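Step one of this worksheet: look at the structure below.
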Amino acid sequence: MSQLDKQYDPLVVEKEVLKFWDEQRIFEKTVRSREKGPRWSFLEGPPTTNGFMHVGHARGRAMKDAQIRYMTMCGYNVWRRAGWDMQGLPVELEVERNEGIAEKGQIETTIGLDKFVQKCKELVDFYLGRWVQDSQRLGLWLDYDTAYQTRRDDYIEHVWHFLKLASEKGLLGRGYRVNPTCPRCVTALSGHEVSQGYKRKVDPSIYVKFRLVDREDEFLVIWTTTPFTLISNEMVSVHPDYTYVKVDVGGEYWWVVKDLLETVMAKVGVSSYKVVEELSGSDMLGWKYVHPFLEEVEWHREHHEEYMHAVVTGTHVTVEDGTGLVHTAPGFGPDDFEMGREYDVPVFVPVDPTGRFTDEVPMFAGKYVFDMNPVVCEMLKEKGTLVHEETIEHEYPHCWRCDTPLVYLADNTQWFLKMTGVRDRLVERNKEVHWTPTWAGSGRFGDWLANADDWCISRSRVWGSPLPVWVCTECGHEVVIGSRKELRERAVEFPDEFEMHRPWVDRVVLKCDKCGGEMRREPFVTDCWLDSGMAHTASVDYLKDPSLFNELFPYDFITEAVDQSRGWFYSLLYTSVVMHDRAPFKACVSQEHVLDKDGGKMSKSRGNVVWARDALESVGADPFRIFVLTKNASWNRTNYDPAEIEMLKKKLSVLWNVVLFADTYMALDKYRYDESRMRAALSGARLEDRWLLSRVQSTVEAYHEAMRAYLWHRAGRVLLEFVSEDLSRVYLPLVKKRVWLDADDPEKVMAYDVLFYTLHAVVRCLNPFTPFLAEKLHRSFLMRYCDLPESVNLTDMPLPDKDLQDDEMEATFDLLEELRSAASHARNKKGVKLRHPVARVMFVPASEDAARRARSLIEILLHDLNTHEFVVLDSDVADEFTRLSVTPNFKALGPRLKKKMRRLTKFLEEEVDGAWLRNELETHGRAKVVVDGEELELVAGDVEFHESVPENLSLAECRAGKVIVDVTRTRELEAEGLVRDVTRRVQVMRKELDLSVEQMIDLVIHFSDDESMELVSMFKDYLSNETRAETLRLVGPSEAVAWKRWNYSVDWEIDGRKIRVGMTPK
RNA sequence: GGGCCCGUGGCAUAGCCUGGUUAUUGCACCGCUCUGAUAAGGCGGGGGUCCGGAGUUCAAAUCUCCGCGGGCCCA
């Protein structure tokens, strides 16, 4: 009895296999079995334990597993430690939501930092559990027991170690950063958060004129919607390539961009004006102006840098709105800040994080910035510099939590990792990485590296690796601490209860070695990309024992989605180059994203996210895996469509059915696999056996080639193609008739051996793609007939075997396929069923090779084409019933004829006499034709001839030549066809009785006319053989049958002949 | 605003690097057919502005340029 269900049900198979793996510790055994193999190291990009795994994650993880399983079965000792990225803002936000904390500032006043961090830990543990479950359900075999976790002290210590090293190399330092800040939550927001909170807002829209120095009565006219930022204005930006005009507006001159001149004048209500001068923006560089609040703000009077209160040029200036002259306040805008840095102008930020002016602007001190907008306008009006005032409604970012309008604020307390002196090294080291596809590394990532800015690593949050910088409260001296040991040694007092997270780390006070004062920690945590970026070193506990690191680094392989270029790929490379001066990975495969069924982005807000767990439980892990692995190249996006997965499931069912077939008969015959027996029998084996064995070699070879290049889609397609086409569609029908032979018949044994050999190879190659199905087939089928290890994962990948490869054989069978297809076509044209035999099929080969190969196939063709005779003809014999058409050989003629080509093509199609032309070419080797009055010479090879039109025969063409089916009917053919029709009816009845294949029966057939009986009796033996009838009685119309004695009887009508069939199982 | 990827019958894909006969294959549809793999298999058919435009060429799905649409990253 087969251990395989009648139908392939992935969910049933997978549950069973998961249980087996778990109970028998198969993963551990697999790892142990390869301990002596060469090292191959995979570095897991740690998923964020926040949220659940969706199908996009699952695709990437399927790719990881495919490569890992493949390498393992190739004999490598694969390093595959799991890892989890567990810190960061999203975790905090979810805890805040769960705990009802409205804003960050309230954590301390509500549940307190200790409890908050505790809640963060509980949350990430919850998600981690789910990720492990989902990963295992997917079949991703990583070492989860020793997984690295970025939130552990041992891990964080590596981050400290790195930062100290970076500091010693002069790469760590403070700097400015302009952040969108919520003045109510007193926190900076990430770009992601900002993009969530755009809303319409009504703001003042004002045009202001700045008086130019050394240019009498000339003014720059600027536009702004945030009047309060004028207090901090330091420059005016113009586009270097735009044209600016000086306009006489009656008594004074204004400068605006030419493209907006009319718009601006209409807006401010000046109807009479005249352009008196034009300049390009670059000509205006360095023009000085008088700051509108020079008197009120002392800071402006104190600064006299070259470009302070001057015109500067920048390409960010647009002419979409405003005046083409952009008010620039480096403290209040990212673009502005860049300009300040470029022109070396100091940053003036007279506003605190709560959005209130500081003492530096005494008149506004303590006042909320947005409240000052009308006041500023009023003051400008008094000064006579307000050209125009109105309001505007536009999209403005708001805090996604509390709806407060955000303020862009420069903040000089942030910490950066610098690119200075590192960038060139990153670019160099990246070139040594093997990227798939190549452009992902050289183009996308390479370009980005070349332009990368300093990396801001400080975050004003709680749940993260703490920034290990302590600052003296007395003298400002700073130290970077590289380890817990160092911290303990320098601490004034080290608490009994300590971990590296806030708030515990904040309680450690150091003694300043400069002045003896108290040093306190900078209250930042670090960017969580820095955590995962240290995985090359921290994941193997380098600080405790570097031996693992030395063995594995640099890692052979990583793969993540494209968005990690700027994330993990970068943070890995940066930290590794700084620490070890080389790229931490040798090969990197970039993946595209998974989109929804219609190609739309999956997002929670759209509600179209498909969670991995739901997908796996509905379609099964194996169909899911093979879908995501073969649908597209990894670097192409994939639309997630369950209907497509169903198709893949059908393909897997085909394999299942092949195995079921093999298993049924092998079990019946108590078969045992013997490879040496198979090899010994090879030279005398049937063509299809040798062919299939050869196809296995070509398939395995193509498979390895693709897998070694990380082209999983190619490898998977090669396999599926082999299973459904070569094995199932071609080989299996050929081998079926052999299962009726005696159990020890050499031909039958050979068929089993070949089937077993093939399936053994297929199952192993398929294991990286569908590990559950492969394991099931290995255990429930392969192991029954051969001594094999208990898991497919403990076996070695098949390698191509040249002894079994035969290209000629493969070509011969390709021909067979073509002939079968062409013959079907020809029969179809005349409406002759395949069940009805024909007298003769003729083949006009297109080449000597085809002729030779066709002759070797005659035996098979007689059966497959259901013909009594198969003849290979010479081409001149075929001429008798064919007509010639002519097509040009473009490759030969094009270069010679050039523009005349088109006319010749038309001539050949419509006018030429094909037979004449062929005759000319064959006898003289050349022919002259007249095309549009011009004489052209054609030589052999310039054109090709095609024959068509059968008469009473039916002709079909294929690449190998022409197939002509003789459809003439005779009495014997009639009889044969009828018997096959009868046979089929009997088989239907056997099946309706649910008889097993080997069950013998007694059979009776009653005919309502004598002729039918005579016809059938001509092939009586055939009928009883095919239907496993021990006794067969044919009864004419004059006799009666005692139908009650028969278990089962049915009336049939075949092409007008009425019969009644009765059967009784023995 | 910048960079990169993708765009081929209703859907999904091959081909593109290296230009050349009628653009490949699967799903779906229609007709026929086969059958102890049977909710499968075979043959045939309908269905295509190869995203649009321009250029190079005797010849463009393929090479170049300009657009459009989708996606990703960055600003």
Side-chain angles (χ1 to χ4, degrees), chain A residues 6-8 191 315-318 320 334-335 338 437 439-440 443-448 451-453 561-567 570 590-595 597-601 630-633 635-639 641 643-644 646-648 650-651 653-662 664 713 717 720-721 724 728-729 732-733 736 739 820-829 831-836 864 866 887-905 943-944 946 956 980 983-984 986-988 990-991 994-999 1026-1028:
Chain A
K6 279 270 175 273
Q7 275 192 6
Y8 168 53
T315 50
H316 65 286
V317 175
T318 70
E320 274 164 30
D335 284 335
E338 281 306 310
W439 50 257
R444 190 166 55 203
F445 190 54
D447 288 352
W448 187 75
N451 299 309
D453 258 337
V562 281
D563 50 301
Q564 299 300 330
S565 294
R566 277 74 171 175
Y570 173 68
S590 168
Q591 311 157 10
E592 250 296 348
H593 287 248
V594 173
L595 309 176
K597 178 164 128 343
D598 304 312
K601 186 186 176 179
T630 60
K631 182 66 195 171
N632 268 323
W635 58 89
N636 284 137
R637 69 210 157 115
T638 292
N639 298 355
D641 183 357
E644 296 235 9
E646 284 303 315
M647 292 187 218
L648 265 303
K650 275 187 187 168
K651 290 220 170 192
S653 298
V654 169
L655 175 64
W656 182 274
N657 289 335
V658 171
V659 172
L660 195 61
F661 169 83
T664 305
H713 65 299
R717 287 175 189 178
L720 289 178
E721 187 80 4
S724 70
S728 164
R729 197 171 68 75
L732 214 64
K736 265 182 184 173
V739 301
R820 283 213 283 209
S821 158
S824 286
H825 189 180
R827 277 172 168 274
N828 202 280
K829 280 185 188 171
V832 183
K833 305 174 178 185
L834 186 57
R835 204 188 297 152
H836 289 152
D864 286 10
N866 197 13
T887 52
N889 180 353
F890 288 88
K891 240 173 188 161
L893 284 167
R896 216 164 76 220
L897 297 182
K898 299 197 189 291
K899 297 202 176 183
K900 298 167 196 159
M901 192 65 216
R902 193 163 280 171
R903 276 179 283 150
L904 178 73
T905 308
V943 292
E944 286 165 21
H946 300 273
R980 292 185 65 158
T983 306
R984 171 153 183 253
V986 177
Q987 306 291 30
V988 168
R990 286 184 62 111
K991 201 164 181 215
D994 208 19
L995 299 186
S996 78
V997 177
E998 67 274 20
Q999 175 69 51
E1026 286 293 308
T1027 58
R1028 302 224 117 186

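Just so we're on the same page: letters track the sequence lines, and every chain starts at 1. Note that the structure is predicted; figures quoted are calculated from it, not measured.
One interatomic measurement links the two molecules: CG of A/Leu720 to P of B/A14, which rounds to 15 Å at whole-angstrom precision. Following rounding to the nearest Å, A/Lys650 (NZ) and B/G41 (C1') show an atom-to-atom distance of 12 Å. Rounded to an integer number of Å, the gap from A/Glu721 CD to B/A14 P is 14 Å. Between A/Asn639 atom CG and B/U13 atom P there is a gap of 6 Å when expressed in whole angstrom units. To the nearest angstrom, C1' of B/A40 lies 14 Å from CG of A/Leu655. Taking atom NE2 of residue A/His593 and atom C1' of nucleotide B/C6, one finds them 14 Å apart after rounding to whole Å. Rounded to a whole Å, the CD atom of A/Glu644 is 16 Å from the P atom of B/G10. A/Glu592 places its CD atom 12 Å from the P atom of B/G7, with the value rounded to the nearest Å.
Between A/Thr630 atom OG1 and A/Leu648 atom CG the span is 4.5 Å, to the nearest 0.5 Å. Rounding to the nearest 0.5 angstrom, the gap separating the CG atom in A/Leu660 from the NZ atom in A/Lys6 is 5.5 Å. Expressed to the nearest 0.5 Å, how far CD of A/Glu721 lies from NZ of A/Lys651 amounts to 6.0 Å. A/His593 contributes atom NE2, which lies 13.5 Å from atom CG of A/Asn639 (distance to the nearest 0.5 angstrom).
Taking only side-chain atoms of A/Gln7, from C-beta outward, the nucleotide of B/A39, B/U13, B/C72 with the closest atom is B/A39.
Using C1' as the reference atom, B/U25 and B/A14 are 7 Å apart when rounded to the nearest Å. With both ends at atom C1', the span from B/C16 to B/A61 equals 7 Å, rounded to whole Å.
Nearer the 5' end of RNA chain B, as judged by each residue's closest nucleotide, is the contact made by A/His713, out of A/Leu660 and A/His713.
Pair assignment for B/U62 gives none, since no Watson-Crick or G-U wobble pairing has each distance under 3.5 Å. Searching all strands for a Watson-Crick or G-U wobble partner of B/G26 with both distances below 3.5 Å returns B/C11. The pairing partner recorded for B/C4 is B/G71, the criterion being a Watson-Crick or G-U wobble arrangement whose two distances lie under 3.5 angstrom.
Within the nucleic acid shown, A/Arg717 comes within 4.0 Å of sugar-phosphate atoms alone, with no base atom in reach, counting heavy atoms only.
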